[in-house]
Every structure is written in C-alpha cells, then in structure tokens.
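Quick notes on the structure that follows.
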Amino acid sequence: MKKVLFWTVAVAITVIAALYQRMTGPSYPESFIAVIDGTEYALRLKRSQTNTHPCLIKLELPSDISGRIFFRRFRMNEEWSSAEMSHDGEDLTGELPSQPPAGKLEYYITLAPASGTETAIKKAEPGGS
C-alpha cells in the first residue's frame, strides 16, 4: 500500500510540474492587458524565437495606434536600439533582429494613439528572441 501511495504522489508531482512548465515556460508568449486612451487591449508578446530569422512581433491593434520597439542584448550594458512598428492591415508589426546561438534580447514596446499619450509595454522585465 505504501508503494502505491508513493507512486501516486510521484506521478501527481510530475504532472503538476509539467503543466506548470507548459503554462509558464519561456517558449510561450506572455499575455498583457494594455490600456490605451481608456480602451483595454489583450496583447501577447513572444519570449522565444528560432535564431535563423528575425523575431516578428505582431499586436492586434487598430491602425490609429502607432508603436516603437526598443531592444538590446540581454545582460549587456548597451544603449537601447529602436525601430518603428508598422501596420500590415490588421496588426501592428515590428521585428527584433536575429541573434547568434544562445543570444538573447530584452525588449519593450511603446504604443501611442493618435491623441499622443504614449504607453510602455513590458518596460521593466526582460524578454525577447
């Protein structure tokens, strides 16, 4: 009976750990709610990307909202580089440059409606491709 209990506990811990990793692991996008001019937008930002292509960041936002993406190499004391984001129909898109193997970026995005009040998304926490 004791063996069955230990095996049951071991399987339960393994399943819970796997579910937690699946929900929070770095290969899954991070979700945010951005409030821009009083309107809430649900956004998802990538946290990983293959290194062979630039990392495309797409946000479902109306065309009257502009954006800029700021990035730098992770844990490097560098100045932030930035690139203007553009609309490709339905989405506001921007690119993070591809990195060498094991290379990481941290990034944040600023969004501004036509009225001009800028909002920073994910400025304090690192993320990237």
Side-chain angles (χ1 to χ4, degrees):
M1 185 65 177
K2 211 175 201 183
K3 278 187 175 182
V4 172
L5 179 63
F6 285 135
W7 274 103
T8 304
V9 169
V11 168
I13 289 172
T14 302
V15 169
I16 290 169
L19 289 173
Y20 179 77
Q21 170 62 29
R22 180 128 175 100
M23 292 170 37
T24 62
S27 58
Y28 295 97
E30 194 166 352
S31 298
F32 294 91
I33 299 293
V35 179
I36 302 169
D37 269 357
T39 305
E40 288 187 356
Y41 297 96
L43 305 175
R44 294 172 58 122
L45 296 177
K46 284 186 177 182
R47 298 192 297 172
S48 69
Q49 169 75 17
T50 58
N51 288 336
T52 57
H53 296 34
C55 181
L56 182 63
I57 305 296
K58 288 180 132 183
L59 305 174
E60 291 183 34
L61 292 169
S63 61
D64 64 335
I65 296 177
S66 62
R68 189 161 204 62
I69 189 164
F70 294 84
F71 57 91
R72 67 181 176 190
R73 290 185 298 165
F74 185 60
R75 292 191 177 164
M76 301 297 277
N77 192 17
E78 300 176 334
E79 294 295 318
W80 290 94
S81 298
S82 70
E84 193 70 30
M85 297 178 79
S86 61
H87 277 277
D88 70 350
E90 296 179 7
D91 300 325
L92 182 64
T93 62
E95 284 188 351
L96 294 171
S98 122
Q99 296 297 297
K104 295 179 182 178
L105 293 176
E106 58 182 328
Y107 73 97
Y108 69 94
I109 295 171
T110 57
L111 301 173
S115 66
T117 306
E118 200 171 74
T119 301
I121 306 297
K122 198 178 175 193
K123 187 169 184 175
E125 298 179 50
S129 71

Asp64: partners by salt bridge (charged side-chain N to carboxylate O under 4.0 Å, His left out), with sequence neighbours left out: none
Describe, in one word, how the ring planes of Tyr108 and Phe70 are oriented to each other, choosing from parallel (under 30°), tilted (30 to 60°) and perpendicular (over 60°). parallel
One should read off an interatomic distance between Leu61 CG and Ser66 OG, to the nearest 0.5 angstrom, of 10.0 Å
Contacts of type side-chain contact (heavy atoms from CB on, under 4.5 Å), residue Asp88, not counting sequence neighbours: Lys58, Asp91, Thr93
Taking all non-hydrogen atoms of both residues, which atom of Trp80 and which atom of Glu106 are closest, and how far apart? CZ3-O, 3.6 Å
Flag the pair Ile65 / Leu59 as yes when at least one side-chain heavy-atom distance between them is below 4.5 Å, and no otherwise. no
Run the side-chain donor-acceptor check on residues 3-13: report pairs under 3.5 Å with partners two or more places apart or on a different chain.
| from | atom 1 | to | atom 2 | distance (Å) |
| --- | --- | --- | --- | --- |
| Thr8 | OG1 | Val4 | O | 2.7 |

Does any part of the side chain of Ile109, heavy atoms only, come nearer than 4.5 Å to the side chain of Leu43, both counted from C-beta? no
Any residue meeting side-chain contact (heavy atoms from CB on, under 4.5 Å) with Glu79, in chain and number order, not counting sequence neighbours: none
How far does CD of Glu90 sit from CD of Glu60, to the nearest 0.5 angstrom? 7.0 Å
Decide yes or no for Phe71 and Glu95: does some side-chain heavy atom of the first lie under 4.5 Å from some side-chain heavy atom of the second? no
Contacts of Tyr41 meeting ring-ring contact (aromatic ring centres under 6.0 Å, His included) (sequence neighbours excluded), chain-then-number -> none
Spatial distance of atom OG1 (Thr39) from atom CD1 (Ile36) [nearest 0.5 Å]: 8.5 Å
Sidechain-backbone polar pair: His87 side chain, Pro62 backbone, donor-acceptor under 3.5 Å: yes
Counterpart residues, side chain to side chain donor-acceptor pair (under 3.5 Å), relative to Arg68 (two or more places apart): Ser82, Glu84
Any residue meeting side-chain contact (heavy atoms from CB on, under 4.5 Å) with Met76, in chain and number order, not counting sequence neighbours: Arg73, Glu78
